[in-house]
Amino acid sequence: MIEKNYKQFKEKVITETLANGLKVIMIPKRNYHKTFAVITTPFGSLDRQFQINDEAPITVPAGTAHFLEHKLFEKEHSDAFTRFGELGADANAFTNAFQTSYLFSTTQNLKLAVTHLLDFVQTPYFSDQTIAKEQGIIGQEIQMYDDDANWAVYMGLLQLLYPDSPLAEDIAGTKQSISKITPQLLYSIHRAFYQPNQLTLQLVGCFDPVEALSVIRANQESKQFENVAVTRFEAPITVPRQKEVIQSFDVSRPKIALGIRLEGTQLTGSEATKFILAADILADMLFGEQTDWYQNLYNKGIIDTEFTTSFDLLHGYQFVSFFSETTEYELLTKAISNQMASYEDVLSHQEETFEALRRATLGEGIQRLNSLESIALRGDDTLFGTNLFDKVMLLQELTYNDMLESAKKIYQNASLKRFILKK
């Protein structure tokens with residue numbers, strides 16, 4: 001076992017990679033009654049084509065990762081959720097652009113719950129009948145999202161920034177795309193991305209690491225897995241074709257999304273996480289509630305408390321987005337454009353503001369270290385290999401100059417795109 005000590009937080013992270021490739025990360029916290037466990041595969045909605053060994057490449061319809069997440073809980077004669085309930089554990093799962101995770105929390109029967117988590121994730125069962133049933137259920141879910149104006153404006157911006165890309169397609173897919181899902185496809189994905197050397201199991205909370213690892217190792221040694229080579233094919237990222245799209249929707253006030261995409265910033269590891277931290281503070285310094293820029297627009301009724309901004313970095317997709325509900329979208333667009341164009345002047349001699357925001361963000365990060373779920377899920381583990389402890393330490397080291405460098409990469413010569421929903 002490899003042990004990494006974070007003395008400042010009085011925490012340790014224990015990592016062990018089993019003989020079959022399963023990576024186990026354990027963060028024991030003796031003063032807690034609960035334990036949180038999550039098993040993750042780096043297979044998400046962005047994964048749209050892959051190859052196993054030298055076999056024919058497999059194309060993945062939009063929504064398949066999410067669909068597989070749902071179907072994995074259902075077995076031939078049982079349901080995984082039911083068993084977790086019998087053990088006194090609360091279970092859940094989620095899919096995003098770059099991962100699928102299955103998780104539970106419990107104060108009892110930890111060994112049985114961990115065994116069940118491994119078993120149901122690693123033992124698939126799919127049939128034509130269960131898939132047809134799920135296609136109907138997820139089809140209703142897709143319709144619900146189609147009727148949601150906030151989701152529509154978000155997806156509209158992604159389609160504007162990254163046309164014809166997997167990112168611009170709903171994680172749940174479309175009714176048409178999920179109709180192409182078959183048992184054979186799901187079994188192939190499971191064979192490729194749910195083999196042990198693709199999975200990471202993380203435990204956080206009240207447990208003995210030696211005992212937990214013994215249970216996990218015994219479970220894995222009782223199973224046989226096919227060792228396959230997996231090749232991913234990344235979808236090309238095309239150039240935006242339009243600067244603005246206006247779409248009709250049943251809204252009381254226009255909903256606006258504006259965005260800029262970054263090109264050529266292929267950061268990895270802790271450098272990527274550090275860049276994200278700097279970009280988040282930068283957004284607060286330029287567009288946050290405490291700025292004169294924000295207060296001026298708010299007092300004029302151009303924006304309200306619904307105005308938000310965010311920065312996303314997902315492999316080859318890196319973008320800043322702004323969302324608002326306003327009739328004065330021309331004035332808002334001009335205000336954002338002017339603020340971006342004059343970012344150097346706005347940020348000049350703002351060391352004290354940066355430090356105040358950094359400390360506030362650091363305080364929030366340290367507070368999250370009290371949450372087992374945050375430790376397990378709020379890091380950049382899957383994308384960049386940095387956990388929540390790493391993120392807090394990187395935030396401690398972040399400087400004003402780091403933030404200025406990030407501003408140059410993001411806002412210099414930025415091109416603003418706009419998506420509008422209105423009646």
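Basis for what follows: all heavy atoms, side chains included, without hydrogens, waters or symmetry-related copies. Every value quoted in this text rests on a predicted model; they were computed, and no experiment measured them.
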Measuring from [X]:[atom1] to [Y]:[atom2], what's the distance to the nearest 0.5 Å?
| X | Y | atom1 | atom2 | value |
| --- | --- | --- | --- | --- |
| Phe322 | Gln339 | CZ | CD | 9.0 Å |
| Leu277 | Leu282 | CG | CG | 12.5 Å |
| Cys206 | His33 | SG | NE2 | 8.0 Å |
| Leu332 | Ser324 | CG | OG | 5.0 Å |
| Glu16 | Met26 | CD | CE | 7.0 Å |

Worksheet item: Using the ring of each side chain (for Trp, its six-membered ring), is Trp293 parallel, tilted or perpendicular to Phe307, with breaks at 30° and 60°?
Response: tilted
A quick test of your reading: do over 12 heavy atoms of other residues, nucleotides or ligands sit less than 6.0 Å from [atom1] of [X]?
| X | atom1 | result |
| --- | --- | --- |
| Tyr145 | OH | no |
| Asp147 | CG | yes |
| Tyr298 | OH | no |

Can a side-chain donor-acceptor contact be found between [Y] and [X] if the only test is distance below 3.5 angstrom?
| X | Y | answer |
| --- | --- | --- |
| Ser101 | Gln99 | yes |
| Glu69 | Thr95 | yes |
| Ser270 | Thr386 | no |
| Asp146 | Trp151 | no |

Between [X] (side chain only) and [Y] (backbone N and O only), is there a donor and an acceptor less than 3.5 Å apart?
| X | Y | answer |
| --- | --- | --- |
| Glu74 | Lys71 | no |
| Thr123 | Asp119 | yes |
| Asn299 | Gln295 | yes |
| Ser78 | Lys75 | no |

Worksheet item: Checking side chain to side chain contact (heavy atoms under 4.5 Å, CB included) for the pair Thr273/Phe275: CA distance, chi angles, key distance, verdict?
Response: CA-CA 5 Å; Thr273 297; Phe275 186 59; over 6 Å; no
Worksheet entry | Residue among Leu22, Val228, Asn227, Leu18 satisfying side-chain contact (heavy atoms from CB on, under 4.5 Å) with Asn197 | Asn227
Salt-bridged, [X] to [Y], with N to O below 4.0 Å?
| X | Y | result |
| --- | --- | --- |
| Glu405 | Lys408 | no |
| Arg232 | Glu234 | no |
| Arg48 | Glu169 | yes |
| Arg191 | Glu55 | yes |
| Asp381 | Lys391 | no |
| Arg378 | Glu373 | no |
| Arg30 | Asp208 | yes |

May I ask you to test the [X]-[Y] pair for a side-chain heavy-atom distance under 4.5 Å?
| X | Y | value |
| --- | --- | --- |
| Leu347 | Leu404 | yes |
| Ile303 | Thr326 | no |
| Lys417 | Leu258 | no |
| Leu72 | Pro124 | yes |

Check [X] against [Y] and note the closest heavy-atom contact, atom names and distance.
| X | Y | value |
| --- | --- | --- |
| Tyr187 | Phe126 | OH-N, 3.0 Å |
| Ala172 | Ile138 | O-CG2, 4.1 Å |
| Thr382 | Thr40 | OG1-CG2, 3.7 Å |
| Gly288 | Tyr294 | O-CB, 3.1 Å |
| Leu369 | Lys29 | O-NZ, 3.7 Å |
| Ser321 | Asp312 | OG-OD2, 4.5 Å |

Fill in: Audit row: Gln318, Ile410, side chain to side chain contact (heavy atoms under 4.5 Å, CB included) steps and yes/no
CA-CA 9 Å; Gln318 303 147 65; Ile410 296 171; over 6 Å; no
Worksheet item: Name the one of Phe81, Phe73, Tyr125, Tyr194 that satisfies ring pair (Phe, Tyr, Trp, His ring centres under 6.0 Å) with Phe120?
Response: Phe73
Practice prompt. Kindly confirm or rule out a cation-pi arrangement of Lys12 over Tyr6, judged by NZ or CZ under 6.0 Å from the six-membered ring centre and within 45° of its axis?
Written response: no
Item to complete: List the steps, then state whether salt bridge (charged side-chain N to carboxylate O under 4.0 Å, His left out) holds for Glu263 with Arg261.
Response: CA-CA 7 Å; Glu263 309 292 349; Arg261 64 180 247 182; 2.5 Å; yes
Item to complete: Assess whether side chain to side chain donor-acceptor pair (under 3.5 Å) is satisfied between Arg418 and Thr333, documenting all intermediate values.
Response: CA-CA 8 Å; Arg418 185 170 74 177; Thr333 303; 2.8 Å; yes
